[in-house]
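Have a look at the structure below before the remarks.
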Amino acid sequence: MSTPLYDVSKREGFLRRAIEMTDKRIPPRFLAATATDPDVAAWCAEFGPSSPSSPSLLILGRVGTGKTHQAFGAIRTIAAMGVTVGWHADTAPGLLAGLRPRPDADSEGDYRKIASAPLLLLDDIGAAKASEWTEETLYRLVNDRYEAMLPGLFTSNVPASELRAALGDRIASRLAEMCQRVVLRGSDRRRA
């Protein structure tokens with residue numbers, strides 16, 4: 001009589017808990033998000049946080065095409081596959097606002113936690129008002145993750161042809177090398 005390699009009910013329980021833990025951190029609007037775009041789903045299937053070659057994903061598209069939905073759907077899909085990975089999610093403007101130096105805050109410590117997160121979802125890259133400080137901070141973040149080969153999910157409504165102008169050559173170049181690119185098409189789903 002052979003012994004099963006693993007108990008199916010234990011695996012199902014593990015997956016259920018992984019999804020529940022992930023969903024506790026997902027914004028309510030995206031609790032039902034799924035990675036329905038074939039290219040996003042393919043990225044999820046290849047994702048492996050222990051592999052230094054796990055690529056990042058850059059989801060581009062006009063406002064309202066579902067970029068954020070797909071990104072949170074990817075995180076939920078990864079959890080449903082049983083891949084446990086620590087992650088941090090924020091909008092680019094929100095992250096930059098939180099990292100601004102202020103009294104009684106360890107902005108550099110906060111930055112290091114975000115920069116070293118095993119998976120980073122940075123939504124709306126290119127939406128923050130450009131300044132020397134925002135460009136430098138965003139460059140540091142992308143570059144640190146690029147050098148450490150840490151995967152990320154990035155979304156932007158900046159067209160691919162305008163990324164260099166919007167983000168700067170150094171950031172756009174690194175994103176081009178480290179990311180698979182998906183372009184979502186369609187009209188603004190929020191207005192439909």
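All values below were derived from every heavy atom in this structure, side-chain atoms included, with hydrogens, water molecules and symmetry-related copies excluded.
By the 4.5 Å heavy-atom criterion applied to side chains, Asp23 and Arg76 are counted as neighbours. Between Leu96 and Lys129 there is no side-chain heavy-atom pair separated by less than 4.5 Å. Within the 4.5 Å cutoff, side-chain heavy atoms of Leu99 are placed close to those of Thr137. Thr77 places none of its side-chain heavy atoms less than 4.5 Å from the side chain of Val40.
Arg102 approaches Asp110 most closely through the heavy-atom pair NH2-OD2, 4.2 Å. Taking both residues in full, the closest heavy atoms of Val142 and Arg174 are given as CG1-CB, 3.9 Å, listed atom of the first, atom of the second, then distance. Residues Pro55 and Pro151 come closest through the heavy atom pair O-CB, 3.9 Å. Contact record, Ala41 with Ala35: CB-O, 3.7 Å, taken as the closest heavy-atom pair. When every heavy atom of Gly126 is checked against every heavy atom of Leu167, the shortest pair comes out as CA-CD2, 3.6 Å. When all heavy atoms of Leu153 and Ala71 are compared, the closest pair comes out as CD1-O, 3.7 Å.
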Should Leu119 and Leu121 be marked as a side-chain contact (heavy atoms from CB on, under 4.5 Å) after you check the CA-CA gap, both sets of side-chain angles, and the distance that decides it?
CA-CA 7 Å; Leu119 176 62; Leu121 164 53; over 6 Å; no
As a quick check of understanding, evaluate side-chain contact (heavy atoms from CB on, under 4.5 Å) for Thr34 and His69, giving each step before the final call.
CA-CA 7 Å; Thr34 54; His69 179 93; 4.2 Å; yes
Start with the C-alpha gap between Asp37 and Ile59, add the side-chain angles, then the distance that decides, and say whether side-chain contact (heavy atoms from CB on, under 4.5 Å) holds.
CA-CA 10 Å; Asp37 180 87; Ile59 305 173; over 6 Å; no
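Of the possible donor and acceptor atoms, none in the side chain of Tyr146 sits under 3.5 Å from a partner among the backbone N and O of Ile171. The main-chain N or O of Arg185 is never found under 3.5 Å from a side-chain atom of Thr65 such that the two would form a donor-acceptor pair. Checking side-chain atoms of Arg25 against main-chain N and O of Trp87 turns up a donor-acceptor pair under 3.5 Å. Without hydrogens or angle criteria, Asp124 side chain to Ala127 main chain gives no donor-acceptor distance under 3.5 Å. Using a distance-only test at 3.5 Å, with no hydrogens or angles considered, a donor-acceptor pair links the side chain of Arg164 to the main chain of Asp169. Judged by distance alone, the side chain of Tyr111 and the main-chain N or O of Arg140 form a donor-acceptor pair under 3.5 Å. Arg62 places no side-chain N or O within donor-acceptor distance of the main-chain N or O of Ser187, the cut-off being under 3.5 Å. With hydrogens and angles disregarded, no donor-acceptor distance shorter than 3.5 Å links the side chain of Ser56 to the backbone of Leu175.
Ile19 contributes atom CD1, which lies 13.0 Å from atom CE of Met21 (distance to the nearest 0.5 angstrom). Distance CG/Leu138 to OG/Ser131: 10.5 Å, rounded to 0.5 Å. To the nearest 0.5 Å, atom OG1 of residue Thr155 and atom CG of residue Leu57 are 10.0 Å apart. Rounding to the nearest 0.5 Å gives a distance of 11.5 Å between CD1 of Ile114 and CZ of Arg112. Atoms CD and CH2, on Gln180 and Trp43 in that order, are 8.5 Å from each other to the nearest 0.5 Å. Atoms CG and CD, on Leu60 and Glu162 in that order, are 11.0 Å from each other to the nearest 0.5 Å.
In the hydrophobic cluster analysis, where Ile, Leu, Val, Met, Phe, Trp and Tyr join through side-chain heavy atoms closer than 4.5 angstrom, Val182 is grouped together with Phe72. Hydrophobic clustering (ILVMFWY, side-chain heavy atoms < 4.5 Å, transitive): Leu122 and Leu58 are in one cluster. A single hydrophobic cluster is not seen to contain both Leu141 and Met149; linkage of ILVMFWY side chains at heavy-atom distances under 4.5 Å, directly or through other members, places them apart. Note: the hydrophobic cluster containing Met178 does not contain Leu150 (ILVMFWY, side chain heavy atoms under 4.5 Å, direct or indirect links). With hydrophobic clusters built from ILVMFWY side chains whose heavy atoms lie under 4.5 angstrom apart, Leu184 shares a cluster with Phe30.
Counting heavy-atom neighbours within 6.0 Å of Glu108 CD, excluding the residue itself, gives a total above 12.
In summary, the side chains of Arg170 and Asn143 do not present any donor paired with an acceptor at a separation below 3.5 Å, with no hydrogens or angles considered.
Under a 4.0 Å N-O distance rule, the pair Lys67/Asp123 does not qualify as a salt bridge.
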